[in-house]
Asks: 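Please read through the structure below; I'll follow up with questions.
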2 protein chains.
Amino acid sequence: MRSLPRSRLQAQKATLPGTVPEGTRRRILETALRLFASHGFHGTSIRDVAKELGLQPSALYSHFPAKENILAELVQVGHETLHEVLRTALLNAGSEPAEQVRALVRAHTILHATHSQLAVVVNEELHALPPELAAPALALRHQASALLLEVVKRGVAMGRFSPPHLEATAAAISAMGVRIPYWYEPAGALTADSLAELHAELALRMLGGR
Amino acid sequence: MRSLPRSRLQAQKATLPGTVPEGTRRRILETALRLFASHGFHGTSIRDVAKELGLQPSALYSHFPAKENILAELVQVGHETLHEVLRTALLNAGSEPAEQVRALVRAHTILHATHSQLAVVVNEELHALPPELAAPALALRHQASALLLEVVKRGVAMGRFSPPHLEATAAAISAMGVRIPYWYEPAGALTADSLAELHAELALRMLGGR
DNA sequence: GTCTATAGACGGATAGAC
DNA sequence: GTCTATCCGTCTATAGAC
């Protein structure tokens, strides 16, 4: 990345959710997260990450066996966080399908609005991992998308929802969240909580739930 | 790209819309489109493109001055096509806001469903271009998104729509289309036309237009 | 317009001292 | 755990013959 052309995302804080302990290892992950989000995995070199941290390139190999393992850990943390956040939201929601959809969409929206860079890396750079490193994250992803689909199906069965198409509507609801990093500005007038309410409302409209 | 890890998209036909004449130049663009969509711009080398075409790497430089000019042309064609398709759709629609939204969403959906690879490259690899090469495409993109926003605003002013939030709802409508390449399978049961109708319906539900 | 050959920079990763 | 130094493969791009 000698040229440093454009940046995919404005370089924000790059905070890492989850339970990664403080230290150089975590600083590597946070720096790589920021650079991968801006320039992509293949557009970022080990030297770029090291320079940003004031380290020599070889120092990184005391913390990760290879460059792709840095990405793998980011992707894994991202998927674990998503899955955890959705699962908790659903557990804390009532039994009414509309409330469950609200809870899922709110959690999905807030996660994407507050961890934009991780969302971008998880969604755009997963393909750079060899299958064996991507597999655990893919399994979590399928579980997460199944959560919404099941709630929607149950709502339809109970006569609460009337979406024009199950999978396409679930995909549209999910798409709202996934696209947040590309237009939403946290510093703007719209708070993450407000956006979460908005998306919940739009989801229920799509489902015919109101 | 010695390792060839994962592929972001199933390798389809990779047809190029627009008016690029037949010949080696076009074959380069189509091959690069397929490889950029699968492995990204930085994950694809000039050698990869040449090998796929049965050419030597140096032969490509008779057609393009540099690798980034191949991407720039793909990005430009993609944005020109999008803008043209939306403009035409709007011209052929009536004056009723709901019909105009239907027309825009239908066109947006069909383009993304039938040119998935170009959509992916346009959306995920634009950042790899230096600003001066990306600028014309960015201008077209802003024009295109303004089309939807203006129709929505007019519909609100006429009392036809009642979206919970102008920009967020327009973003959600656009997101449906942009995410198509990541889940829709053209060979499946859902045709592009059916999906277009579905998305138009979902858009009008979000707008409170029915 | 395509070839062979290669220049010259940059890539990931390792060896070994401290 | 970080450093210096380096290996060596791949990268984009060019030179020059045909």
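Lettering follows sequence order; numbering is per chain, from 1.
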Asks: What N/O pairs connect the protein and nucleotides 16-18 of chain C at under 3.5 Å? Give each pair on its own line.
Replies:
none

Asks: In this structure, how many angstroms lie between the C1' atom of C/dG12 and the CG atom of A/Asn69, rounded?
Replies: 13 Å

Asks: What is the distance, rounded to the nearest whole Å, between atom CD1 of B/Ile70 and atom P of D/dA13?
Replies: 9 Å

Asks: Need one value for A/Gly54: base, sugar-phosphate or nothing, where a base atom within 4.0 Å counts as base even if backbone is also close, heavy atoms only.
Replies: sugar-phosphate

Asks: Measure NE2/A/His42 against P/C/dG11 and give the value in whole Å, please.
Replies: 14 Å

Asks: Would you please confirm or rule out a distance under 4.0 Å between OP1 or OP2 of D/dC11 and any side-chain N or O of B/Ser45?
Replies: yes

Asks: Could you tell me whether B/Arg205 and B/Glu201 make a salt bridge, using a distance below 4.0 angstrom between a side-chain N and a carboxylate O?
Replies: yes

Asks: Can you tell me the distance, in whole Å, between the CD1 atom of A/Ile46 and the P atom of C/dT14?
Replies: 11 Å

Asks: Answer yes if the ring centres of B/His112 and B/His108 are under 6.0 angstrom apart, and no otherwise.
Replies: yes

Asks: What's the CG-C1' distance between A/Leu55 and C/dA13, to the nearest Å?
Replies: 16 Å

Asks: Check every atom of C/dA13, C/dC3, D/dT4 against the side chain of A/Gln56 and return the nucleotide holding the closest atom.
Replies: D/dT4

Asks: What side-chain donor-acceptor pairs closer than 3.5 Å can you find for residues 187-200 of chain A, not counting sequence neighbours?
Replies:
residue	atom	partner	partner atom	Å
A/Thr191	OG1	A/Ser194	N	3.0
A/Thr191	OG1	A/Ser194	OG	2.7
A/Glu197	OE2	A/Arg106	NH1	2.7
A/His199	ND1	A/Thr109	OG1	3.1

Asks: Name every residue in residues 61-68 of chain B that has at least one heavy atom under 4.0 Å from any atom of DNA chain D, in order of residue number, or write none if there are no such residues.
Replies: B/Tyr61, B/Ala66, B/Lys67

